[in-house]
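Read through the structure below, which is laid out as structure tokens, and then see the notes.
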Amino acid sequence: LLAALQRPRYEVLPLDGVAEDVLAHLPRGSKVTVTASPSKGLEATLTVAETLAPRDYSVVPHLSARLVRDRAHLEEIVARLRAVDIREVFVIAGDASQPAGAYAGAAELLAAMGELRESFGEIGISGYPESHHFISDETTIEAMFAKEPMATYIVSQICFDADVIATWIRRVRDRGTLLPIWIGVPGAVDNRKLVRTSLRIGLGQSVRFLRTQRGWLRRFILPRLYTPTKLLRALIPSFADPSARVGGIHVYTFNELERTERWRLELVEQLTRQEA
């Protein structure tokens, strides 16, 4: 866990001012992934990526298949990333209700990339410990098999239940998928903001789990901060199990970068003292 906390992936939303916040609060050399959304489009993602990449960050733009119009658009995107020496992408289906072109899912986009995939040393795909709000469980399982040969790692969607995450990892391995898994956790985020966002992106099962925990009402209704410390400690067996092949931690920051980085440093210091 300590090793994972020392080299996390930070996910940010391509909103106004986020590049400045990354520069102000995240150490140079950090891996920063930039999401894509139907409302902002891929242009916002690419702009943030192009801003941060020359400033000594390892930037990973999300390529949402449903926002890519056609082959020419795909080639333009890859050319822009090459121009700023970005060598890693995260390919997802995306949440647009209708595809902008011929690519309805990540597998289709990855296949369409063909030789363009050679531009990237790392290609990430998503995994869902719980049901996806937009895609059936059967489809997500089939898609993982289809995407695996064209990818190098998996990032899991947020889940607040360590047992569900650990079980999902075992099931992924039992199906023969061996790509490293980066476990997705929230950063240090305002409780109410986290609950609102979780419900919006379809994490109802996880929110229901939170409601079963003692003190949920006090923690998640009052204006307090959520941190994933307890969740991560419960996942230590997965980090320690070589067969789980956990790559590390993917932190969904919700752009709460200052708070999240302060939490991370404090936990690293605490764990370091415990080891000593």
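Just the heavy atoms: all of them, side chains too, but no hydrogens, waters or symmetry mates, feed the values below.
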(Q) Tell me whether the count of non-hydrogen atoms from other residues, nucleotides or ligands lying under 6.0 Å of CZ in R7 goes above 12. (A)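 Yes, the 6.0 Å shell around CZ holds more than 12 heavy atoms from other groups.
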task = Determine whether more than 12 heavy atoms belonging to other residues, nucleotides or ligands lie under 6.0 Å from atom CG of D16.
result = no
Compute the centroid of each ring, for F160 and then for Y226, and state whether the two points are separated by less than 6.0 Å.
yes
Any donor-acceptor pair under 3.5 Å linking the side chain of T260 with the backbone of A188?
yes
Worksheet item: Looking only at atom types and distance, does a side-chain atom of T152 sit under 3.5 Å from a main-chain N or O of I123, one as donor and one as acceptor?
Response: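 Yes: the side chain of T152 pairs with the backbone of I123.
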Interatomic spacing from [atom1] in [X] to [atom2] in [Y] - rounded to 0.5 Å:
X	Y	atom1	atom2	value
I92	Q157	CD1	CD	9.5 Å
T177	I154	OG1	CD1	6.0 Å
I86	R80	CD1	CZ	10.0 Å
L81	E76	CG	CD	10.5 Å

What closest approach, in Å, do [X] and [Y] show between heavy atoms, and which atom pair accounts for it?
X	Y	value
L109	L63	CD2-O, 4.1 Å
L178	R245	O-NE, 2.6 Å
L2	E275	CD2-OE1, 3.6 Å
A244	S238	CB-O, 3.5 Å
G248	A4	CA-CB, 4.1 Å

For this session: Please name the residue in the list H250, E88, E11 that meets the side chain to side chain donor-acceptor pair (under 3.5 Å) test with K31.
Result: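 Of H250, E88, E11, side chain to side chain donor-acceptor pair (under 3.5 Å) with K31 is met by E88 alone.
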Partner of V32 under side-chain contact (heavy atoms from CB on, under 4.5 Å), picked from T253, V60, V18, V22, is V22
Report task. For the pair E258 and R262, find out whether any cationic side-chain nitrogen is under 4.0 Å from an anionic carboxylate oxygen. Result -> yes
